[in-house]
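All chains are named by letter (A, B, ...) in the order of the sequence lines, taking the proteins before the strands, and each is independently numbered beginning at 1.
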Amino acid sequence: MLIRPFFALRCRSYHNTTIALTEQTQLLLQNHSNSLTKCKQIHANLIVSNAISNTFTSNTLINHYSRSRDLSHAHLLFNQTLHKNVVTWTSMMSAYTRNGQFKKALQLFEQMLHSDQKPNQCTLSVAIRACTSSGYLQLGLQIHGLVLCYGFESDEFAGSSLVDMYFKIGAFLDDASRVFFGLRYRDCVAWNVMIHGFSEAGNVGEVKRLVSEMRVADGLRPNDFTFVSLLRYCGCLIEVEEVHGLIFKSGTEFDPVVGSALVDSYGKCGDCDSSEKIAASMEHKDVFAWSSMISCYWRNGRGREAIVLFRDMCREGQKPDQHTLSSVLKACVENGEMEIGIQVHSQMIKNGYQGDQFVASVLSILYADFSEMGDAEKVFRRISSKDIVSWNAMIMGYAKKKGCVSSCVEIYNELRRTINLKPDGATLVAALKCCSSNSDLETGRQLHAETIKLGHSKKTSVVNSVIHMYSECEAVEDACRAFDALIEKDDISWSSIIGCHAQNGLELQALMLCKDMLSDGFLLSCYTIPSCVTACSVLAAMDLGKQFHSFVVKLGFHNDIYVGSSVIDMYAKCGSMEDSIKAFDEQDNPVVGTFNALISGLAQHGRVDEVIREFNKMDEMDILPNKITFLAVLSACSHVGLVEESIFFFELMQQKYGLEPETEHYSCLVDVFGRAGRLEEAYQIMPKNMGDSTWRTLLSASRTHRNMWIGEKSAKKMLELEIKDHASYVLLSNLYSGEGRWKEAQEIRQRMVEVGIRKDPGSSWFIIRDRVHDF
DNA sequence: TTAGGGTTAG
């Protein structure tokens with residue numbers, strides 16, 4: 001008797017609490033509130049009031065926890081729910097899938113299959129989605145079997161998930177289409193899955209057919225999802241404008257996703273103005289919209305604006321993601337902005353993208369570009385999952401830096417030991433570049449063998465790098481063999497082999513190859529012309545050079561830096577300084593290289609006043625001189641014996657322009673001191689590690705001025721350096737014989753024979769009917 | 001009454 005009223009009271013209390021909780025939960029749902037605190041309050045009340053068996057409330061809360069990314073509470077409640085129904089299981093599986101824990105979702109699905117609860121179309125749809133996202137095709141196929149067993153093959157939810165799976169893992173277009181056409185009701189989502197699938201597969205015809213059929217067959221209009229998929233396949237501006245027109249006609253406001261996709265698509269087609277207009281019209285700009293605009297600027301050579309926009313974005317409190325960071329870093333690489341790059345690096349650490357392969361790869365390229373190899377390698381080492389692009393960035397970084405062959409090879413070998421990755425074409429191009437710039441023939445040969453071993457020997461870009469490597473290593477025969485074996489030669493292959501001959505003293509053959517190239521149907525390009533024109537200048541074949549020049553003007557290459565400089569240089573070397581000046585005047589925007597060609601020509605012709613005038617003109621035009629400019633100026637001054645001017649320019653290059661003089665610059669200075677008989681001063685300025693040519697200059701001056709003391713010192717240095725040049729031996733021998741020291745003179749001549757040095761034989765040539773004949 | 005499918009950049 002005592003117990004009954006108490007029990008009745010408890011039951012009433014339980015009943016009332018359950019109603020109250022259900023109402024609260026419904027309120028939570030109506031308000032679409034995802035407040036975690038509210039969820040936890042209701043969860044606590046469920047436990048306190050012993051109402052945990054209210055499955056509806058539990059299910060609702062699990063979903064709220066899931067949307068708030070609180071998986072631990074969702075799972076706790078799932079375990080606490082006494083009477084789990086199909087919705088409870090599906091909700092928990094969905095919670096895991098939504099939060100990227102696909103394996104856990106599938107484990108729960110397996111548990112469910114072993115329980116009394118049967119899956120329905122919703123459960124199967126979630127399970128398939130988990131398989132698609134994690135790439136488990138075999139499991140997905142088994143679940144397709146279950147879909148058939150339970151009779152859900154025509155359900156649009158389970159069916160759309162299956163269609164999506166067949167497109168995304170395995171690209172089984174026929175299976176996808178079979179499931180799609182078996183659906184009882186094909187709604188907009190189902191059509192969109194098909195359209196997206198064919199768009200990704202690059203089947204534009206099928207995409208267009210599907211868009212038209214969704215209207216005709218099922219009376220459906222394309223929506224935002226359709227538009228974004230359509231933008232994916234757009235390859236040119238007209239196509240983007242067509243889709244833009246469709247979006248406009250649909251009359252819907254810009255969805256942030258559609259807006260960003262449009263900004264990105266216009267950017268890829270080079271239409272920055274349209275991207276800007278769309279971005280400006282978007283009321284709500286998410287990280288995607290910002291990134292698309294930054295990427296648009298970077299892609300279209302407007303790096304400065306990309307950096308400014310990145311700053312605006314950060315100022316507005318929008319957190320950058322990996323796409324934003326990699327785009328802005330690419331802009332820094334393009335513009336050589338190291339300081340800003342370092343600031344972006346700190347943002348990268350702050351936002352947790354230090355280990356991201358895309359961001360870190362670009363950052364390591366930036367550090368490598370500034371020769372900060374230590375920092376580049378630190379960034380590279382922190383990448384959690386290095387892809388081939390990350391490795392290539394590091395290999396290219398070392399390749400660009402002089403004297404880093406061993407580091408480059410070490411990284412390459414480390415990559416070779418990596419189980420899941422293999423060097424690709426770009427890796428080999430980068431590693432071969434390293435051998436080219438360091439003239440390392442032995443490593444180059446090994447890498448050539450690697451191209452064959454790894455199956456890249458038919459790739460034109462890789463073989464072009466092999467040819468270039470052999471060319472830089474002066475192995476002309478090897479370069480020819482690689483060139484002859486190449487099946488699909490392109491413009492670069494031809495320019496490489498022509499350049500190879502031109503640079504290795506085989507100018508005639510270079511010009512013959514140019515003829516072969518033209519008969520093979522290739523046209524002269526801005527890559528081939530400089531090599532051919534340089535060959536003409538070495539052969540002093542000005543008539544042929546003139547013909548190339550007329551091609552240059554006809555084809556509109558005269559403003560190309562390399563073409564323009566080679567023509568200016570050719571006329572100067574062939575003796576016509578006036579034609580050289582005319583060719584210089586053809587240049588619309590002369591750069592340092594163009595000025596160097598002109599100044600070097602004027603220097604060779606002894607026109608020192610004009611050399612200094614052109615140097616000043618460069619200064620007025622804010623064009624920074626480089627080491628080559630100073631070499632030309634110093635050589636002009638030394639040839640006419642301008643000692644004070646030489647000292648002035650020698651100091652100017654260091655003090656004003658921060659350029660460290662090299663052997664050749666010292667040679668000029670030593671030469672001008674030597675000509676003036678100021679041998680002591682010349683000897684004083686010689687750094688300890690000076691090259692042989694400078695000592696030879698000093699030795700020559702010593703002979704002229706009969707200074708035996710400095711002459712012998714120079715000779716000793718030259719012998720220490722084991723010089724292979726006949727002129728140095730002859731000079732030294734003459735110095736001794738000039739002083740009547742016949743024995744020493746004879747010894748030097750004898751030593752020259754012992755080390756196998758012979759005087760270079762001279763050669764002459766003449767040109768008949770555009771052909772050069774040498775003898 | 002709760003659960004379920006499709007979209008955007010290197």
Distance alone, cut at 3.5 Å: any donor-acceptor contact between the side chains of [X] and [Y]?
X        : Y        : answer
A:Ser91  : A:Asn63  : yes
A:Ser291 : A:His323 : no
A:Asp271 : A:Asn300 : no
A:Thr55  : A:Asn85  : no

Quick check, are the ring centers of A:Phe180 and A:Trp191 under 6.0 angstrom apart?
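Yes, close enough.
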Are A:Tyr353 and A:Phe358 near enough that their ring centres are under 6.0 Å apart?
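When the ring centroids of A:Tyr353 and A:Phe358 are compared, they turn out to be at least 6.0 Å apart.
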Near DNA chain B, counting only heavy atoms under 4.0 Å, which residues of residues 263-276 of chain A show up?
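Contacting residues: A:Asp264, A:Lys268.
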Between [N] and [X], is there an OP1 or OP2 to side-chain N/O distance shorter than 4.0 Å?
X        : N      : result
A:His64  : B:dT2  : no
A:Thr90  : B:dG4  : no
A:Arg186 : B:dG5  : no
A:Arg299 : B:dG10 : yes

When you compare the ring of A:Phe157 with the six-membered ring of B:dG5's base, are the centres less than 5.5 Å apart and the planes under 30° from each other?
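Ring-base stacking flag not set for A:Phe157 and B:dG5.
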Is the base of B:dT8 stacked against the aromatic ring of A:Phe288, taking ring centres under 5.5 Å apart and planes under 30° as the test?
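It does: the ring sits over the base of B:dT8.
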May I ask you to say what [X] touches in the nucleic acid, namely base, sugar-phosphate or nothing, with a heavy-atom cut-off under 4.0 Å?
X        : result
A:Ser125 : sugar-phosphate
A:His196 : sugar-phosphate
A:Ser260 : base
A:Lys168 : sugar-phosphate
A:Ser291 : base
A:Ala190 : base

Of the listed nucleotides ([options]), which one gets closest to any side-chain atom of [X]?
X        : options              : value
A:Phe56  : B:dT2, B:dG4, B:dT8  : B:dT2
A:Val257 : B:dG10, B:dT2, B:dT7 : B:dT7
A:Asn59  : B:dG5, B:dT8, B:dT2  : B:dT2
A:Glu156 : B:dG5, B:dG10, B:dT2 : B:dG5
A:Thr60  : B:dG4, B:dT2, B:dG10 : B:dT2

Could you state the atom-to-atom distance from [atom1] of [X] to [atom2] of [N] in whole Å?
X        : N      : atom1 : atom2 : value
A:Tyr353 : B:dG10 : OH    : P     : 16 Å
A:Asp356 : B:dG10 : CG    : C1'   : 10 Å
A:Asp286 : B:dT8  : CG    : C1'   : 9 Å
A:Leu61  : B:dA3  : CG    : C1'   : 14 Å
A:Gln322 : B:dT8  : CD    : P     : 14 Å
A:Asn63  : B:dA3  : CG    : P     : 5 Å
A:Asn223 : B:dT7  : CG    : P     : 12 Å
A:Leu366 : B:dG10 : CG    : P     : 20 Å

Kindly say whether, by distance alone, the side chain of A:Asp187 makes a donor-acceptor pair under 3.5 Å with the base of B:dG5?
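When only heavy-atom distances are counted, A:Asp187 does reach the base of B:dG5 through a donor-acceptor pair under 3.5 Å.
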Polar side-chain contact A:Asn85-B:dA3 base: donor and acceptor under 3.5 Å
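Answer no: no donor N or O sits under 3.5 Å from an acceptor.
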Determine, step by step, whether A:Trp290 and A:Phe310 satisfy the ring pair (Phe, Tyr, Trp, His ring centres under 6.0 Å) criterion, reporting the C-alpha distance in whole Å, the side-chain angles of both residues, the deciding distance to 0.1 Å, and the verdict.
CA-CA 8 Å; A:Trp290 285 100; A:Phe310 174 74; 9.8 Å; no
Would you call A:Asp264-A:Lys268 a salt bridge at under 4.0 Å N-O?
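A salt bridge links A:Asp264 with A:Lys268.
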Checking A:Gln121 against A:Tyr150 for the side-chain contact (heavy atoms from CB on, under 4.5 Å) test, could you report, in this order, the C-alpha distance in whole Å, the side-chain angles of both residues, the deciding distance, and whether it holds?
CA-CA 9 Å; A:Gln121 67 276 32; A:Tyr150 289 111; over 6 Å; no
